[in-house]
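Here is the structure we will look at.
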Amino acid sequence: MKNELKVAVEDLKKRFGAQQSEFRGQISLLVGPQDIVEVCRTLRDDHGFDMLATVTAVDYWPEQQPRFHLVYQFNSLSKLMRLEVRVPLDGNEPSVDSVTGVYPSANWHEREVWDMFGVHFEGHPDLRRILMPYDWEGHPLRKDYPLGYEEVQFTFNYEEIELRKPRPKE
Amino acid sequence: MGIEQKTGNLGVVTTTLEKVVNWGRTGSMWPMLFGLACCAIEMMAAQASDYDMSRFGMELMRPSPRQSDLMIVAGRVTRKMAPVLRRLYDQMPDPKWVVSMGDCASCGGVFNNYAIVQGVDEVVPVDVYVAGCPPRPEALIHGIMTLHEKVKAEQLKDWA
């Protein structure tokens, strides 16, 4: 691991009590949801992580509690290193502070996480749906969201499905 | 045939109104650019030089629905895009036809889920379905020829 990366990881562990895990040479830190804005500010100002590559989420229902893990991935273009920070969240309507004040690129990523997982971001300037239609109900990428597939139409059930299919009025 | 024999070499030919109007419609049917996803690449390839669609009258593709006759729905239609598709179809002037190109537009394709409309015939009435993922340019041209045959078989009583 690079020296500057080691410095950053040790600093975060000391100040925020982050837990480290590693996968194939990539470092991942677990941080509490109340600290995430401070963590971002520290990484941007003190350690030179000038780019927030992505904000996504993972849903571990029903195997793991807490259910959601918010994943922030940071790049440093000046020092050529990467770091991942995970925030565990629980419940059906989890809420966390938005980091758009620190990294403006998080704007649309957080909108996508809100749309797909239902994680609310406090202080986000424009939190609305970005991928699904604006009046859609539900958050599709959660594990308890149904797939919404259509029944396959074979010859034996052709007529009954044909009656149910939506057709245009024209 | 009688009039043609009597006038001889005057350069007069007789036909029916249906044949002339249908010949005019098929001879210059302008498609509307509605390439949504990967099938759009094959549509572009069919319009380009190697498989030329201008041989069949589709000299240019108008992006405006007001100036086109044929809508080739090429690609996946999401539930967010479906009302937009219907509005563009409504803005096309009569006579209009719809070709559903590819598997995703015809039946939902490989995507059987909440986000993709399972077949664009839930939204607009389709005349010709072209199967394939994506259909080769020759397959699209075959679909266009089928549509031309369908138009040539139209009768007076269908127009009104």
Side-chain angles (χ1 to χ4, degrees), chain A residues 54-59 61-62 67-68 92-93 107-119 126-170, chain B residues 32 34 36-37 65 69-71 73 75-100 102-129 131 133 150 154 158-160:
Chain A
T54 179
V55 180
T56 42
V58 191
D59 187 7
W61 185 85
R67 177 182 181 182
F68 295 108
N92 263 348
E93 287 161 34
N107 199 325
W108 278 20
H109 291 290
E110 291 182 347
R111 269 178 73 183
E112 187 188 346
V113 172
W114 156 246
D115 189 8
M116 294 282 119
F117 289 94
V119 177
D126 187 20
L127 196 64
R128 57 193 163 100
R129 292 194 176 262
I130 192 173
L131 292 173
M132 300 308 291
Y134 294 116
D135 50 358
W136 195 262
E137 285 180 13
H139 298 282
L141 278 184
R142 291 190 173 186
K143 286 282 190 286
D144 46 358
Y145 191 85
L147 182 57
Y149 65 91
E150 184 192 58
E151 218 177 309
V152 184
Q153 205 177 14
F154 295 104
T155 42
F156 62 88
N157 56 3
Y158 190 86
E159 281 90 20
E160 53 190 63
I161 294 187
E162 190 70 21
L163 293 172
R164 275 189 280 141
K165 261 167 112 118
R167 292 274 180 212
K169 278 187 289 295
E170 198 198 65
Chain B
M32 182 171 84
F34 213 73
L36 296 168
D69 316 293
L70 169 67
M71 180 192 230
V73 184
R76 310 175 279 275
V77 181
T78 51
R79 300 236 175 250
K80 201 169 178 180
M81 188 66 182
V84 177
L85 176 71
R86 181 72 209 186
R87 179 179 289 198
L88 286 176
Y89 176 76
D90 290 335
Q91 283 177 347
M92 282 167 70
D94 264 344
K96 54 191 173 191
W97 298 276
V98 176
V99 168
S100 156
D103 283 343
C104 292
S106 309
C107 65
V110 275
F111 305 107
N112 194 358
N113 54 22
Y114 57 89
I116 301 284
V117 171
Q118 301 295 309
V120 85
D121 50 6
E122 289 185 12
V123 182
V124 293
V126 176
D127 293 302
V128 173
Y129 300 84
C133 187
K150 182 178 177 184
E154 274 182 12
D158 299 329
W159 293 343

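In this text, all values refer to a predicted model and were calculated from it rather than measured experimentally.
In the displayed structure, A:Glu93 atom CD is contacted under 6.0 Å by at most 12 heavy atoms of other residues, nucleotides or ligands. More than 12 heavy-atom neighbours from other residues, nucleotides or ligands sit within 6.0 angstrom of CZ on A:Arg164.
The contact list for residues 110-119 of chain B toward chain A, using heavy atoms and a distance under 4.5 Å, reads B:Asn112, B:Asn113, B:Tyr114, B:Gln118 by residue number. Within residues 149-159 of chain A, the residues having any heavy atom less than 4.5 Å from a heavy atom of chain B are, in residue-number order, A:Tyr149, A:Glu150.
Residues passing the side-chain hydrogen bond (donor to acceptor under 3.5 Å, both in side chains) test with B:Asp94: none are found, sequence neighbours excluded. Listed by chain and number, the residues in a ring-ring contact (aromatic ring centres under 6.0 Å, His included) with A:His109 amount to none (sequence neighbours excluded).
Between A:Pro168 and B:Arg86, the shortest heavy-atom distance links the atoms CB-NH1, 3.6 Å.
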